*Asks:* 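Please find one structure pasted underneath; my questions will follow.
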Amino acid sequence: MKKINLTIWNEYRHEREESPAGDYIRQFYPNGIHRYLAEHLAADDLEIRAVSLDEPEQGLADAVLQNTDVLMWWGHCAHAEVKDELVDRIQKRILEGMGLVVLHSGHFSKIFRRMMGTACRLRWREAGEKERLWVVAPSHPIAQGIPETFVIPHHEMYGEPFDIPQDGKIIFQSWFEGGNVFRSGVAFERDRGKVFYFSPGHETFPVYHDPVIQQILGNAVRWAAPSGYVPDRITRQPVSPETIRTENPLKSLDTTALHKS
Ligand code: ZN
């Protein structure tokens with residue numbers, strides 16, 4: 001069995017904060033969200049690596065990225081520190097087929113905004129309120145084994161309008177105690193790569209300790225893994241698989257100069 005190479009990237013700043021908030025977060029994630037997830041998503045079909053922003057090459061040297069089938073991303077306060085050159089390399093890998101699973105405040109990460117092409121803004125409120133999620137695409141692979149509805153007892157509210165493109169498939173929808181609603185799980189396809197955004201995971205609540213949330217993340221990784229489809233090499237002037245019999249009305253014009261830049 002070929003294993004899926006999952007790389008879990010974390011900004012890993014809040015968990016190291018020397019503050020009462022930092023102390024509070026460390027009781028749930030003493031070694032960081034990335035290592036917690038690596039431990040709890042462990043399975044026979046996954047080869048998991050946990051990396052973070054302050055490691056050499058921001059945790060994603062080219063050799064690591066080339067050997068990643070699915071990249072999971074948690075970031076919040078240091079989005080701007082992620083180098084544009086790294087974002088370029090990640091985007092290229094996604095378009096080639098690598099999966100991307102973006103968590104919670106990663107909605108504002110450079111790579112998610114790059115893949116969406118929109119600002120990815122949303123409404124938010126930190127009131128520790130109840131969030132109720134609903135499965136709205138029960139046949140989707142990411143929803144398999146997940147109850148129709150379930151509750152996160154305390155969470156940060158993320159609310160609509162959420163500025164993402166409309167081509168995403170909505171898998172989960174949330175209602176918050178304060179009355180807001182949110183598209184909390186949305187799946188996209190970009191060239192040969194798959195992208196899943198999942199909003200649960202505010203750092204001051206033990207959201208990733210919930211086995212239902214862990215199952216959703218595991219499903220998302222397996223869904224986002226490359227399909228194995230490899231198209232023919234794409235060239236600018238592909239050989240036509242069928243004979244073209246139609247008379248080209250522009251035959252007498254040399255239009256090739258128009259394509260040169
Ligand atoms: Zn948050």
Side-chain angles (χ1 to χ4, degrees), residues 8-38 40-41 50-54 59 71-82 100-116 118-134 150-164 168 170-186 195-210 212-214 216-217 220:
I8 303 175
W9 187 95
N10 183 14
E11 172 182 287
Y12 196 28
R13 293 280 173 85
H14 291 311
E15 302 98 313
R16 293 188 293 155
E17 264 171 44
E18 292 301 327
S19 67
D23 293 338
Y24 194 82
I25 294 164
R26 274 189 293 280
Q27 53 173 330
F28 307 126
Y29 305 113
N31 302 306
I33 286 174
H34 54 319
R35 295 200 186 97
Y36 182 89
L37 287 175
H40 289 82
L41 296 180
V51 299
S52 57
L53 175 65
D54 293 324
L71 178 64
M72 192 173 273
W73 193 274
W74 198 102
H76 181 221
C77 61
H79 293 318
E81 292 181 38
V82 176
L100 177 70
V101 177
V102 174
L103 304 175
H104 189 59
S105 39
H107 73 90
F108 257 162
S109 62
K110 285 185 181 179
I111 186 57
F112 187 60
R113 287 187 292 138
R114 172 79 65 87
M115 299 316 296
M116 296 297 102
T118 57
C120 302
R121 274 187 293 261
L122 46 76
R123 301 277 165 90
W124 58 276
R125 172 175 62 235
E126 278 197 61
E129 65 202 273
K130 179 167 91 175
E131 174 176 0
R132 176 174 286 281
L133 289 93
W134 289 87
F150 58 98
V151 162
I152 299 173
H154 301 283
H155 202 219
E156 177 183 23
M157 186 282 290
Y158 271 13
E160 299 285 344
F162 183 22
D163 176 31
I164 50 173
I170 304 170
I171 319 292
F172 300 100
Q173 198 134 19
S174 285
W175 167 90
F176 288 84
E177 204 174 349
N180 304 74
V181 294
F182 190 64
R183 287 166 288 167
S184 42
V186 192
V195 178
F196 181 59
Y197 173 74
F198 191 54
S199 62
H202 185 65
E203 66 278 4
T204 50
F205 301 112
V207 175
Y208 297 128
H209 288 230
D210 182 334
V212 175
I213 299 289
Q214 291 172 11
I216 291 168
L217 296 180

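Computation of the quantities below employed the complete heavy-atom set of this structure, encompassing side-chain atoms and omitting hydrogens, waters and symmetry-equivalent molecules. Bear in mind that the values here come from a model prediction, so they are computed numbers and not experimental data. Remember, it's 1-based here, ligands and their atoms both numbered in the order they're listed.
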*Asks:* Contact between Leu37 and Leu217 at the side-chain level, heavy atoms closer than 4.5 Å - yes or no?
*Replies:*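 Leu37 reaches Leu217 side chain to side chain.
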
*Asks:* If the plane angle is over 60° it's perpendicular, under 30° parallel, otherwise tilted; pick one for Phe182 and Tyr197.
*Replies:*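 Rings of Phe182 and Tyr197: perpendicular, over 60°.
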
*Asks:* Say whether, by atom type as modelled, one donor and one acceptor occur between the side chain of Thr118 and the main chain of Asp163 under 3.5 angstrom.
*Replies:*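 Indeed, once roles are kept as given, a pair shorter than 3.5 Å links the two residues.
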
*Asks:* So, do Phe172 and Phe198 have ring centers that fall under 6.0 Å from each other?
*Replies:*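 Between Phe198 and Phe172, which both carry aromatic rings, the centre distance is below 6.0 Å.
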
*Asks:* Output yes when Arg13 and Glu81 qualify as a salt bridge under the 4.0 Å nitrogen-oxygen rule, no when they do not.
*Replies:*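 Yes, this pair counts.
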
*Asks:* I'd like to check His79 versus Arg113 (side-chain heavy atoms, cut-off strictly below 4.5 Å). Are they in contact?
*Replies:*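 Side-chain contact under 4.5 Å: no.
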
*Asks:* Report the protein N/O/S neighbours of the Zn ion (ligand 1) that fall below 2.8 Å; do not count waters.
*Replies:*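 Result, waters dropped: His104 NE2, Glu156 OE1, His202 ND1.
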
